[in-house]
Amino acid sequence: MKLSNNAILQILHELTPENPKFQVINAKKIESAANSVDRYRLLLSDGDYLYSHVMLAAQLNRFMESNEITNYAVIEVTKYMCNKLAGDKRVIIILDLKVLASGADVGEKIGNPTVINPSEIPPLSSIKEDVPEQKVSLPTSKPLATNNHFGKFGGSNPENNNQKLSKPSTPSTPSSRVHSIASLTPYQNRWRIRARVTFKSNIRTWSNSKGEGKLFNVNLIDESGEIRCTGFNEQLDKFYDMLEVNKVYYFSKCSLKTANKQYSTLKCDYEMTMNAETIIEPCNDGADLPSLTFEFVKISELDKFKPNSNVDIVGIVKVCNDVSSVVSKQTQKEIVKRDLQLVDQSGVAVNLTLWGDDATKFDGQGFPVIAVKGARVSDFNGRSLSVSGSSQLIVNPGIPEAFTLRGWFENEGRDHHFSTFQGDGGSGAGHSPNYKTFIQVKNENLGQGEKADYYTAKGTVMFIKKDNCMYQACPTADCNKKLVDQGNGHYRCEKCNREFPNYKWRMILNANVADHTDNQWITCFQESAEALLGIPADDLGEMREKDESQFDRVINEALFKNYLFKLRAKVETYNDESRLKTVCMAANPVNYIDYGNLLLERLSQLGI
DNA sequence: CCCCCCCC
């Protein structure tokens, strides 16, 4: 196996031998800081010289990880560059390669190469006497250039110029090696990243006491992480049109500053601002870079997130409300909004609000899947979501999670009754449920104390009392007072001291639920009663008036279903008689993973 | 240098 003799020395002197063949004598993994990508450093031989300041581009790590390259392997380097570091040290970066022979096949060091001391690179005149495989015209006397421009070299062979060595994607600017986004800090400014644009904002203008202007941001991603980059005024004019979502660019010479976490949904500690020096150039071979990534959260788990935090969410738009408008309390401006009800396989529904253009342009036909990166969590109605200015809304994204959701929805999700975070108390601390069996509730005297006891029980609906399970309630929001029928088509609310021509149906449903240990009578108010019966109270009330047999059918169909009941137990005294009253706070679908784990825990407590 | 993202 013939190596490209002296090619290392040539490269260190800014010559560009084509497709040089080297032997990898040794390799060392450089563990990176958290979130960054590990890199490999190679000890490379050209048969005459050994050089240790050689790095493998991160996208070639697979050659090391798959053991395609082991010690003594011979490689052909089809793309490379030589960068100058502080102290005039030179680093060869291998950008692309082919493995010509495995380390096992070669089995030994070829030739007797001399080690090059990186701080004392021998002059080109010290090229060893054997015939180089690559014919390279050498400049007669060329000092070590201070320009580390890849592909630029002595003038004696212009025809051999960079069309062979610099691929179209290689930027024409002087550059150091490609850095990872995760490695950027404000304390270094000689860096260059190769990154995909995952988001480009609209152009926004501002005007305040400090002045006015326009700006935009892009979000950038590489293997190591994400960062936001903002362009103001002149930079906006220069780069806005050029930057396209999903395309890959080289970025260098942006200002870095600590990201204000209050406004940033990305996990990066820093963010970039374009300045007059900034260079952005397209990169045509960025296929190896990741696209937008999500860390999806199940809707049922939203109560584990604090209000004002951001989450990635994907769900089916089960309900798409019409646009409406609200007046901002702060700006007094009217804003268009649209509320969606989002559901997923976790069996919980949550409201998601779209604003402005997102709201007006949204088409809810056909139960689309939507993904939101960085949706804002609020505790309205237990938990709600909002697509904020820094969120990204993607309708029918081409991601596996979307296809899975679609399949689930078409098969079963469509007919599922979804629970909500309403009735969970809203504070949503996300405590692990206090699971009890009904016999435990009795044995432990739950609800007998001063304060109510809350517990969660998995139970089956055994019986529902249909008499007096609903009433005509005051139509005023938040007033659920039972109305007095005046007999003249009007209904009187004693609480509001008003008469109404209309009413809303409210439910108080008494049901008996059982587990394998005992049974328990529970009272379900509106939301949990609707959850058990699978129908809105207003529909049920109308149904009962029109056709009582249909109403009976709804009640019967609700029997023998299993739920995870969130219950509140408290003794109440009425007419000198005290009895335990159990109110259902929520009837949620059983999560059989959680429930299975609960059973495992109970089994282990039996000590069998 | 923005950073408001609203309401119920």
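Every chain is numbered from 1, with letters handed out A, B, ... down the list of sequences. Side chains are part of it too, since the values below use all heavy atoms of this structure and drop only hydrogens, waters and symmetry mates.
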From CG of D322(A) across to P of dC7(B) the rounded distance in Å is 21 Å
Considering only heavy side-chain atoms of F380(A), the closest of dC8(B), dC7(B), dC3(B) is dC8(B)
- Message: Looking at dC6(B), I'd like to know if its phosphate oxygens (OP1 or OP2) sit under 4.0 Å from a side-chain N or O belonging to S386(A).
- Response: yes
| request: Indicate, with a heavy-atom threshold strictly under 4.0 Å, whether E271(A) touches base, sugar-phosphate, or nothing. | output: base
side-chain hydrogen bond (donor to acceptor under 3.5 Å, both in side chains) filter on R196(A), not counting sequence neighbours, yields none
Of the listed dC5(B), dC8(B), dC2(B), the closest approach to the S388(A) side chain comes from dC5(B)
From the list I316(A), L342(A), V314(A), side chain to side chain contact (heavy atoms under 4.5 Å, CB included) partner of I370(A) resolves to L342(A)
Inset, instruction - Please work out if R338(A) contacts a base, only the sugar-phosphate, or nothing of the nucleic acid, heavy-atom cut-off 4.0 Å. - result: nothing
note: R376(A), atom CZ; dC3(B), atom P; distance rounded to Å ~ 14 Å
(Q) dC8(B), OP1 or OP2 - any side-chain N/O from K337(A) closer than 4.0 Å? (A) no
Closest to the side chain of W355(A), out of dC1(B), dC5(B), dC3(B), is dC5(B)
Atom NZ of K214(A) and atom P of dC3(B) are separated, to the nearest Å, by 16 Å
Quiz item: What is the nucleic acid contact for K257(A), judged by heavy atoms within less than 4.0 Å: base, sugar-phosphate only, or nothing?
Solution: base
From CG of N351(A) across to P of dC6(B) the rounded distance in Å is 12 Å
Whole-Å distance, D339(A) CG to dC6(B) P, equals 12 Å
### Message
Between K333(A) and dC5(B), is there a contact of a side-chain N or O with OP1 or OP2 at under 4.0 Å?
### Response
no
If we require ring centres under 5.5 Å and near-parallel planes under 30°, does F232(A) stack on dC2(B)?
no
When rounded to whole Å, the CG to P distance for the pair L393(A) and dC5(B) reads 18 Å
request  = May I have the step-by-step check of side-chain contact (heavy atoms from CB on, under 4.5 Å) for W191(A) and C254(A), ending in yes or no?
outcome  = CA-CA 9 Å; W191(A) 52 263; C254(A) 295; 3.9 Å; yes
Whole-Å distance, K210(A) NZ to dC3(B) C1', equals 11 Å
Separation of dC3(B) atom C1' from L215(A) atom CG, nearest Å, is 9 Å
Contact under 4.0 Å: W206(A) side-chain N or O vs dC2(B) OP1/OP2
yes
Original post:
Would the number of heavy atoms belonging to other residues, nucleotides or ligands and lying under 6.0 Å from NZ of K482(A) be above 12?
Top reply: no
| request: Please say whether more than 12 non-hydrogen atoms of neighbouring residues, nucleotides or ligands are located less than 6.0 Å from CD in Q332(A). | output: yes
